[in-house]
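The block underneath contains the structure these notes are about, expressed in structure tokens.
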Amino acid sequence: MTALLGLLLLGFVLATGGPLLLARARWVDREPVLALLVWQCLVVAVLLCCVLSLLLSVATALPAVRTMVFTGAPPGVEAAYELVDTEGWGRLCAALLALGGVWTAVSLVREIRAARALRESRHRELAHRAPDLPAGIGLPPARRERLVVLENGRPDAWSLPGPQSRLVVTTGALRRLTDRELEAVLSHERGHVRARHHWLSQGAQALAAGFPRVAVFTAFRDQVGELVELAADDLAARRHGRLTTAHAMVEINAGRGVFEGCSGAHGPGQLAQAPRRVDRLLAGEPRLPVVTRLRLTLLALAAPATVLLLAAAPGLGALR
């Protein structure tokens with residue numbers, strides 16, 4: 001039971017202390033891609049704690065499962081986990097963790113279905129407003145993202161991810177933006193599509209919806225929505241310059257009143273971030289040194305590695 005209790009305690013510490021440490025970190029805005037990696041490692045570590053705790057709990061409650069788990073293990077390994085004579089606690093933990101696992105799966109499936117339905121609806125609406133040319137007319141279809149121009153006086157641009165991804169820009173944006181600014185906007189949206197940011201957002205939303213009172217999941221959802229925008233901003237800024245990207249962001253939101261109001265393609269939270277994103281681009285803070293980035297990466301990877309080591313610790317100790 002020592003390993004089981006240790007995994008539960010470690011999962012609790014990571015789920016409560018991890019978001020607090022990341023909230024106080026001052027380097028997050030300078031390295032959004034690295035921050036996304038750290039958040040993902042933290043969430044994976046918490047989920048690993050739950051999964052491995054569930055495995056040990058089921059092995060404790062059901063001798064048949066325990067025999068199967070430790071089949072082929074050297075002598076003394078099974079005894080080192082102290083799972084015998086604790087079936088009562090094992091059943092309780094297994095029931096609670098299994099309920100959480102089922103609820104997580106249901107939330108994830110529900111979020112994937114809702115996101116897919118919304119994406120298909122937007123694709124159908126786009127196909128209605130800007131249908132493809134008949135086969136053999138015009139240029140051959142793009143293999144990756146296809147650029148679609150919509151007749152609309154409001155400057156706007158967004159991306160529709162999926163197997164047939166689309167980069168959408170309005171005629172208002174074409175008239176208002178310079179060529180370099182338009183390329184910066186398209187680079188930003190292309191960054192979302194190619195980095196599969198929608199997958200990350202769906203997973204974060206599913207976990208937060210399934211467990212709204214778990215700090216690590218709600219904070220992960222909120223931070224993912226912000227960090228993916230910063231990462232796309234940086235991609236556009238590296239290719240077209242910070243000033244050009246910032247000016248394009250201002251122009252694309254012109255007439256909306258301090259970045260308020262939007263079309264159906266954007267959420268209110270995204271526009272609320274726009275002024276801070278523009279200020280960040282104009283400030284142009286340098287990236288962290290390579291050594292610092294390497295250290296943070298290793299620390300992030302250490303979280304799930306620690307969980308695995310803790311789960312294997314009794315067995316490794318028995319082999320000495």
Side-chain angles (χ1 to χ4, degrees), residues 1-25 34-105 108 203-204 207 210-211 213-217 219-220 291-320:
M1 288 292 287
T2 304
L4 174 59
L5 295 177
L7 287 171
L8 293 174
L9 179 60
L10 179 59
F12 176 78
V13 171
L14 290 174
T16 54
L20 294 177
L21 291 176
L22 285 173
R24 297 177 182 177
L34 179 57
L36 283 172
L37 172 64
V38 174
W39 272 108
Q40 290 177 79
C41 288
L42 177 62
V43 172
V44 167
V46 173
L47 294 177
L48 270 178
C49 286
C50 296
V51 171
L52 293 175
S53 296
L54 174 61
L55 178 61
L56 290 178
S57 298
V58 174
T60 301
L62 302 175
V65 175
R66 183 164 64 245
T67 301
M68 182 176 61
V69 170
F70 291 99
T71 298
V77 171
E78 180 179 348
Y81 281 86
E82 301 175 352
L83 303 181
V84 182
D85 299 329
T86 55
E87 287 81 0
W89 286 105
R91 293 190 185 96
L92 177 61
C93 292
L96 293 176
L97 292 170
L99 181 62
V102 171
W103 187 249
T104 301
L108 183 58
L207 290 172
F211 303 94
R213 298 194 178 186
V214 179
V216 66
F217 296 148
F220 181 50
V291 175
T292 304
R293 277 181 275 161
L294 180 59
R295 289 176 180 173
L296 290 172
T297 301
L298 293 177
L299 285 175
L301 296 176
T306 300
V307 176
L308 296 175
L309 183 60
L310 179 61
L316 295 176
L319 296 178
R320 293 181 178 178

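Note that CH2 of W39 and CG of L34 are 13.5 Å apart. Values are rounded to the nearest 0.5 Å. Atoms CG and CG, on L48 and L310 in that order, are 11.5 Å from each other to the nearest 0.5 Å. To the nearest 0.5 Å, the span separating OG on S57 from CG on L8 amounts to 6.5 Å. Once rounded to the nearest 0.5 Å, the distance linking CG of L55 with OG1 of T60 reads 9.0 Å.
In this structure, the side chains of L42 and P19 come closer than 4.5 Å at one or more pairs of heavy atoms. Side-chain atoms of L308 and L52, non-hydrogen and from C-beta on, do get closer than 4.5 Å to each other.
Contact between C41 and L301 at its shortest, heavy atoms only, is SG-CD2, 3.9 Å. Scanning both residues, L56 and A3, for their nearest heavy atoms gives CD1-CB, 4.0 Å. Of all heavy-atom pairs between V44 and P304, the closest is CG1-CB, 4.4 Å.
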Could you walk me through whether L14 and V307 pass the side-chain contact (heavy atoms from CB on, under 4.5 Å) test, one step at a time?
CA-CA 10 Å; L14 290 174; V307 176; 4.3 Å; yes

When you look at V38 and L299, which way does the side-chain contact (heavy atoms from CB on, under 4.5 Å) test go after all the steps?
CA-CA 8 Å; V38 174; L299 285 175; over 6 Å; no

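Between the side chain of W103 and the main chain of G210, a donor-acceptor pair closer than 3.5 Å is present.
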